[in-house]
Protein chains: 2
Amino acid sequence: MKPDTNGHLPSDCRAISEILSRIGDKWSVLIVMRLTDGPLRFSKLRETIGGISHKMLSTTLRGLERDGLVTRTVYPTIPPQVEYSLTQLGHELREPVNALGEWALRNQGKIHEARLRYDASAIDAAKRNLPKTA
Amino acid sequence: MKPDTNGHLPSDCRAISEILSRIGDKWSVLIVMRLTDGPLRFSKLRETIGGISHKMLSTTLRGLERDGLVTRTVYPTIPPQVEYSLTQLGHELREPVNALGEWALRNQGKIHEARLRYDASAIDAAKRNLPKTA
DNA sequence: CAGTATCCCAGTAGATACTG
DNA sequence: CAGTATCTACTGGGATACTG
């Protein structure tokens with residue numbers, strides 16, 4: 001296999017792709033970020049992340065736990081208490097994710113402008129195709 | 001709004017989440033990586049990325065173009081030729097994506113192990129619940 | 001060659017209700 | 001409180017066929 005200009009093999013792209021499909025879903029990153037400052041209980045986690053359903057929080061947490069990014073601790077009290085916290089691996093993940101986040105923050109304006117431009121020209125194109133309707 | 005330990009606001013998390021949902025799909029990153037070394041034509045792009053359907057390549061490229069990450073250039077030859085290349089923004093995106101990729105590469109072993117552990121204990125738990133069946 | 005449109009299946013996520 | 005199960009709606013993505 002021939003490395004590209006960055007010394008990356010094609011197979012590396014697959015690895016990137018794989019990890020992205022793992023954390024690229026709607027909630028994983030949000031959960032990891034929320035656990036940055038310390039452990040949180042299920043319900044607290046759900047509060048602080050707006051808009052996540054009971055089911056999705058449960059499902060996503062199990063996925064993160066399975067991949068060793070999050071630890072689940074059950075306190076056998078009544079009513080039961082369950083705490084979630086980041087593992088070492090989970091904490092380490094935050095670094096590249098933050099890098100991506102900073103890129104996003106830095107460039108969200110440009111992306112927004114690009115979209116406006118694109119959508120505007122798409123409308124123009126549509127008008128050229130449908131000059132007389134309405 | 002209160003910054004977390006990294007000086008990030010909760011709204012930043014949304015921005016991260018948003019960009020991730022943009023590039024976190026199955027193909028975007030793969031396409032960006034393939035365009036690293038220079039422009040490629042539609043069919044060439046499709047060849048080098050294994051397994052992508054005609055439709056998805058088209059759809060994903062349009063999305064990347066809309067966000068200003070990719071440029072589409074049409075050469076009015078017969079048969080028509082269309083070249084895709086990264087914009088400046090597209091090239092800049094590669095940096096944080098590579099960082100994530102390197103994290104993925106570095107830790108894929110750990111993740112794999114964590115999964116094996118998790119799955120093994122899940123099976124054990126299942127066995128405890130179903131001791132006599134089969 | 002490049003791209004769009006249509007059809008269709010499968011996986012995903014929400015709402016709701018129930019259990020330990 | 002934490003979590004699972006079910007049912008349903010929506011969407012993503014593949015196959016195919018057609019157009020500039």
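Order of the sequence lines fixes the chain letters, A, B, ..., with proteins taken first and strands second; residue numbering starts at 1 for each chain.
Heavy atoms only, all atoms of each residue included: B/L57 and B/F42 are closest at CD2-O, 3.6 Å. Residues B/R94 and B/V32 come closest through the heavy atom pair CG-CG1, 3.7 Å. Between B/L69 and B/L89, the closest heavy-atom pair is CD2-CG, 3.9 Å.
The CE-P distance, from A/M56 to D/dA2, rounds to 18 Å in whole Å. One interatomic measurement links the two molecules: CG of B/L57 to P of C/dG3, which rounds to 8 Å at whole-angstrom precision. The CD1 atom of B/I49 sits 15 Å away from the C1' atom of D/dG13 (whole-angstrom rounding). Separating the CG atom of B/D25 from the P atom of C/dT12 is a distance of 15 Å, rounded to the nearest angstrom. In this structure, B/L45 places its CG atom 10 Å from P of C/dG3, rounding to the nearest Å. Atom-to-atom, CH2 of B/W27 to C1' of D/dG13 comes out at 10 Å; the value is rounded to the nearest Å. The interatomic distance linking A/E83 (CD) with D/dG3 (C1') rounds to 17 Å, in whole Å. If you take NZ of B/K26 and C1' of C/dT12, they are 14 Å apart, rounded to a whole angstrom.
In this model, no side-chain donor or acceptor of A/H54 finds a partner on the base of C/dG14 within 3.5 Å.
Applying the Watson-Crick and G-U wobble criteria (two distances, each under 3.5 Å), D/dT11 pairs with C/dA10. With a 3.5 Å ceiling on both atom-pair distances, the Watson-Crick or G-U wobble partner of D/dC18 is C/dG3.
Partner of A/L86 under the side-chain contact (heavy atoms from CB on, under 4.5 Å) criterion, out of A/T71, A/V70, A/D37: A/V70 alone.
Side chain of B/P80, nearest nucleotide from C/dC1, C/dG20, C/dG14: C/dC1. When distances are taken from the side chain of A/F42 to each of D/dG14, D/dG3, C/dT4, the shortest belongs to D/dG3. Side-chain atoms of A/P79 lie closest to D/dC1 of the nucleotides D/dG14, C/dC1, D/dC1. Considering only side-chain atoms of A/S43, the nucleotide from D/dA2, C/dT4, C/dA2 that sits closest is D/dA2. Taking the side chain of B/K55 as heavy atoms from C-beta on, and the options D/dG13, D/dC1, D/dG20, the nearest nucleotide is D/dG13.
Remark: B/Y84 is not in phosphate contact with C/dC1, judged by side-chain N or O atoms under 4.0 Å from OP1 or OP2. Using a 4.0 Å cut-off, no side-chain N or O of A/R41 falls inside it from OP1 or OP2 of D/dC1. In this structure, A/R62 reaches the D/dT4 phosphate: one of its side-chain N or O atoms is under 4.0 Å from OP1 or OP2. The shortest distance between the side-chain N/O atoms of A/S58 and the OP1/OP2 oxygens of D/dT4 is below 4.0 Å.
Toward the 5' end of DNA chain C, the nearer of the two residues A/I52 and B/V82, judged by each one's closest nucleotide, is B/V82. Each of B/R72 and A/G51 was matched to the nucleotide of DNA chain C holding its nearest heavy atom; the match closer to the 5' end belongs to B/R72.
Between B/Y118 and A/R62, some side-chain heavy-atom pair lies under the 4.5 Å cut-off. You'll find the side chain of A/T73 stays beyond 4.5 Å of the side chain of A/V82, heavy atoms only.
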